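Only one structure is covered here, and it is reproduced in the block below.
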Amino acid sequence: MLWETVIGLETHAQLSTHSKIFSGVSTKFGAEPNTQASVIDFALPGVLPVLNRGAVERAIRLGLAVGGKINRRSIFARKNYFYPDLPKGYQISQYEIPVVEGGGLTIRVGDVEKFIRLTRAHLEEDAGKSLHEDFAGMSGIDLNRAGTPLLEIVSEPDMRSSAEAVAYARSLHTLVQWIGICDGNMQEGSFRCDANVSVRPLGSDRLGTRCEIKNLNSFRFLERAIEFEVRRQIGLIEDGGRVVQETRLYDPDRDETRSMRSKEDAQDYRYFPDPDLLPLEIADDWVEATRQAMPELPAAMRERFVTDYALAPYDAAALTGGRDIADFFEAMVRHLPTEPKLCANWLMGEVSARVNRDQIGLGAAPVSAQALAGLLARIADGTLSGKMAKEVFDAMWEGGESADALIEQRGLRQISDGGAIEVMVDEVLAANPKSVAEFRSGKDKAFNALVGRVMKAARGKANPAQVNEVLKRKLDA
Amino acid sequence: MIGDALHRSTIADLSRLLSAREVSAVELAHLYLNRIDAHRDLNAFLDVRPEVTLAQAAAADARLACGDATPLTGIPVAHKDIFVTRDFASTAGSRMLAGYMSPFDAAVVENLGAAGMVTLGKLNCDEFAMGSSNENSAYGNVLNPWDKSAVPGGSSGGSSAAVAARIAPVATATDTGGSIREPAAFTGITGTKPTYGRPSRWGMIAFASSLDTAGLMTGSAEDAALVLNAMVGFDARDSTSIDRPPEDYTRSLAQPLNGMRIGVPGEFFGAGLAADVESAIRTALDTYRGLGATLVDISLPNAELGIPVYYVVAPAECSSNLSRFDGVRYGHRAKNYSDLTDMIKKSRAEGLGPEPKRRILIGAYVLSHGYYDAYYIKAQQVRRLIADEFREAFRLCDVIAGPVTTSVAFGFGEKAADPVSMYMSDLYTIPGSLAGIPSMSIPCGFGAHQRPVGLQLMANYFDEARMLNAAHQYQLATDWHRLVPPGF
Amino acid sequence: MSLSLADVARIAHLARIEITATEADRTLAQLNDIFSMIEKMQAVDTTGIEPMAHPLGGHQRLREDLVTETGRRETSLANAPAQRDGLFLVPKVIE
């Protein structure tokens, strides 16, 4: 039988606020255990929550970016369950009326575009952490993360493969960083996904029983966990078994998912409106002001790169894969408006390669967009050959000097003086009668050998196009 | 300097004596600490630390000396153990929090401290403020100073007994369904609950967040107004705190009652009302008529559903509010357990008493899957009907008057075995709590066994000043509030 | 309606309160008394009435996104039943 996979993702994006969602303590990562939690985060008797405006504003930005509906009135609810890293015994979340509903994202797998619908996005607080290193047979509880603002972004079950799920997650990951609401740091847990996975016979329109795989904090784990889970479910059904709805955990060491014992109880979260918090009202003018302050979104920018700069869609997509690369590209084009294609090629080629090699962000690149544009201008005006430009670029990367200064210092200026090239060509032709004879007898390879000799005589600085042209003219004469 | 009857003085009188330097704050502190010690059998106090009290009193004297005093500087106050305090243990009357030391003070404690009031200690109460007789405290019963075989009311039983016995001139208290007014009525003192949201809930150990309101036990309405001035105010730490400018609650006290319309709800005089209470209330209403007020018949048809509504809403909220008591970060942890879940279950089973457990279970049930709409939503809808009836009533009258309780204080053990009959004690106080309006109890006579009767006054949202005016004018015309139990 | 012993066991587990068989019996009787009192509110027609979650309407006030306090580990760990290295200790957490 042929099977179809159905996937929906619930993504938790940690919002990049300075302080927690309901207390005034910093959200910085990596502090000593329990030093970044206030009496509110510890849920001491008598404390009360007050909502952080910054968290709401980031939710509005997400809502605008995905074209969702921003509810002018939404409600905070308590999700009640006991867990030692959940200090109040309930999580403040949104249930019946979330801050954002609907909207969606366009993803691309290979050449195929697909629209993934969003169900909703709601604000909630994170829990603390249980540390399982052995403390005389006990676990340790660190509440630094408790109360960190999260936006839970829930998709419709619109994805049909692990590749689509990864494309969606990547696209959302790009977007939340693009609009400045999340730092996207997956190692630190700032962006993590729960995948709802089910399978059904191809052609069926009924959803199969789903399993939820929790806390996938890398795209690779997301992909592998889904692939394992799909195999597991199909295997189960084909062996005459059935899938049980449950929560599972992906174990990257064993590359498998397993049932979470702590979630065995049928959950009954007893949601009800939090009486400590009043309804969240978002005025139209707040939404409008936020809309005005929104950056151009990646999809719009991609379109613009194709139309305005005549870039290939693939290149335009790559250049809008992150705010940093897009900004870098736009800055280059601002300084070299005539050569968008050259800018794109160098950014995606030389610059990306070095940034990856050095494992730094584009922001930390030693060559600025303006400096790089300065170098490319010398290619465009014929001063440098591509090969020479690469040499200059290496030097710029190491030393941080401008292209023009390096060209001057190293005498790298390309010889484009027609007279000088004529002289060199004449000398080479005179010194290599054998190659000339071979070329005239039809051996095209001999032409390349002659070009090589001229370039050698010019110590690599002759303009290759001119050398070709002059050689050809003289040999044909 | 300190006469025999100084402890029977009003706060206004004590304030005058302090500012005239005829008595010092330290002397007052000693006076009340001695009285607390002499009347330990009442079991009103759970934590007394004379060194803390005397240090605060000395600081108050310093303020008085340098002219930096408020009218309350040097006046002693005791706090219900629902308010967390840095300097005294905060237990909420529960074994769960035995010895718990809070790293911060409740807003109400902060505010009164900032005014220069001197803390005498922490007052006994029903566990987590759940009860109507103080019999639910993990730390034992509080005796009613009028009759030690009678309950002092609850949940603020320590507060009511302390003020009735004049071992504290004023006590803070909290009211969720009647926990200020009922004990005030049972002990013959003035108990005042302001509008919900007017006092901050920051630092009040939560029972039912949408109902919990801080208030006061005092000897008179005038004293309540004076202390309320310092106690209430906007607090950005409490999202439900109301952002309104401060007001002077004493401003209308002296106004005559000519033309005031006092609404009398027929539903509060039904078959459940004991004859002795009814007779005292009717006499009080006659007094009001004599003072120039007009009595107006009003109707609150759904008020009697207050109790069913309350016993859905309050348990729902408390079941969630009390989840933090899991033995992980503070509070009681069981000694023997098999695993994590067992540790939490046993810690809660051992640390919480029967009444909180009962309400937590009711709350878990009404919120659980399949019952939410039938109970929780239904109750919140009926709650709105009740609140709307009050709004309608206040078109016809300025203040509502009626009984606080169906009977005078009952004896220990009389209702403890039957939760529903205990719950009915709050029949007349719960509707006002559900609406969130200000209300109070003032003493208006005695009933069976010479136990006090309380008259309930209720006013529209934020109309505390008018309610206090009605109470004060009654107290100018009568002496009930001046009577102190024999031996005190 | 009335509750069963199974209901009592279910909600006691949800609320994480250990309850003995004797307690469960007594609790069941009390809860049924209480619920028969609560049922009285079902008689009222509440069609179209908006549930009242707060006594006074209004909407949520927002706090500016500022760091206004620092963590207070010492004071907050001071009441911990079991702690080590700045962590609260609990019986092993199984995921």
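Model, not experiment: these values are computed from the prediction. Just the heavy atoms: all of them, side chains too, but no hydrogens, waters or symmetry mates, feed the values below.
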| said: Rounded at 0.5 Å granularity, tell me how far CD in E39(C) sits from NZ in K378(B). | reply: 10.5 Å

| query | Using non-hydrogen atoms only, which part of A78(C) is less than 4.5 Å away from chain B: side chain, backbone, both, or neither? | reply | neither

| query | Does any heavy atom of chain C fall under 4.5 Å from the side chain of A379(B), the backbone, both, or neither of them? | reply | both

| In chain order, what residues pass the ring pair (Phe, Tyr, Trp, His ring centres under 6.0 Å) check against Y372(B), with sequence neighbours excluded? | Y376(B)

| message | Using heavy-atom distances under 4.5 Å, tell me whether I17(C) contacts chain B through its side chain, its backbone, both, or neither. | response | both

| note | Cut-off 4.5 Å, heavy atoms of chain C, and the answer for D326(B) is neither

| request: Starting at CG of L361(B), measure out to CG of D7(C) and round the result to the nearest 0.5 Å. | output: 11.5 Å

| field | Residue part contacting chain B, namely of L89(C), when any heavy atom lies under 4.5 Å | value | backbone

| message | Given heavy-atom pairs under 4.5 angstrom as the criterion, report whether the side chain, backbone, both or neither of R63(C) touches chain B. | response | neither

| said: Counting only non-hydrogen atoms closer than 4.5 Å, does Q83(C) touch chain B with its backbone (N, CA, C, O), its side chain (CB onward), both, or neither? | reply: neither

| remark: Whatever's closer than 4.5 Å to a heavy atom in chain C on F462(B) counts as side chain

| query | Which answer fits D388(B), side chain, backbone, both or neither, if we ask what part of it has an atom under 4.5 Å from a heavy atom of chain C? | reply | neither

| said: To the nearest 0.5 Å, what is the distance between CD1 on I34(C) and CZ on R359(B)? | reply: 8.5 Å

| request: Could you check if a side-chain atom of K357(B) sits within less than 4.5 angstrom of a side-chain atom of I19(C), using non-hydrogen atoms only? | output: no

| remark: CD (Q381(B)) and CE (M41(C)) are apart, to the nearest 0.5 Å, by 9.5 Å

| note | Cut-off 4.5 Å, heavy atoms of chain C, and the answer for A435(B) is backbone

| task | For the pair R61(C) (side chain) and S241(B) (backbone), establish whether a donor and an acceptor sit closer than 3.5 Å, ignoring hydrogens and angles. | result | yes

| So which heavy atom on P81(C) is nearest to which on G327(B), and how close? | CG-O, 3.4 Å

| Winner by heavy-atom pair count (cut-off under 4.5 Å) against chain C, out of R348(B), M101(B), R329(B), K346(B) | R329(B)

| message | Applying salt bridge (charged side-chain N to carboxylate O under 4.0 Å, His left out) as the test, list every pair that has at least one member in residues 234-243 of chain B; sequence neighbours left out. | response | E110(B)-R237(B), R201(B)-D238(B), D235(B)-R237(B)

| request: For Q60(C), look at atom CD and say whether over 12 heavy atoms of other residues, nucleotides or ligands are found less than 6.0 Å away. | output: yes

| message | For E350(B), is there any backbone N or O sitting under 3.5 Å from a side-chain donor or acceptor partner on E18(C)? | response | no

| query | Hey, what do you get for OH (Y365(B)) to CD1 (I38(C)), rounding to the nearest 0.5 Å? | reply | 10.0 Å

| request: Heavy-atom distances under 4.5 Å only: say whether I344(B) touches chain C with side chain, backbone, both or neither. | output: both

| Heavy-atom proximity to chain C below 4.5 Å, by part of L434(B) | backbone

| note | Applying a strict 4.5 Å limit to non-hydrogen atoms, the region of K40(C) in contact with chain B is both

| remark: Heaviest contributor of heavy-atom pairs below 4.5 Å to chain C, chosen from N302(B), I360(B), D339(B), I362(B), is I362(B)

| query | What residue, out of G363(B), P354(B), A349(B), has the most heavy-atom pairs lying under 4.5 Å from chain C? | reply | A349(B)

| said: Within the structure provided, determine whether L31(C) and R358(B) are in side-chain contact (heavy-atom separation under 4.5 Å). | reply: yes

| field | CZ on R16(C) to OG on S323(B), rounded to 0.5 Å | value | 10.0 Å

| note | Within residues 21-30 of chain C, contacts to chain B at heavy-atom distances under 4.5 Å involve E23(C), T27(C), Q30(C)

| query | Between Y337(B) and chain C, which part of the residue has a heavy atom less than 4.5 Å away: side chain, backbone, both or neither? | reply | side chain

| remark: In terms of heavy-atom contacts, Q42(C) and A374(B) come closest through NE2-O, 2.9 Å

| note | Counting heavy-atom pairs under 4.5 angstrom with chain C, the leader among S210(B), G436(B), S338(B) is S210(B)

| query | Just checking heavy atoms, which of residues 44-56 of chain C are less than 4.5 Å from chain B? | reply | V44(C), D45(C), T46(C), I49(C), E50(C), P51(C), M52(C), A53(C), H54(C), P55(C), L56(C)

| note | Bottom line for S239(B): the part with an atom under 4.5 Å from chain C's heavy atoms is both

| note | In terms of heavy-atom contacts, G99(B) and N79(C) come closest through O-OD1, 4.5 Å

| field | Contact class of V382(B) relative to chain C, heavy atoms under 4.5 angstrom | value | both

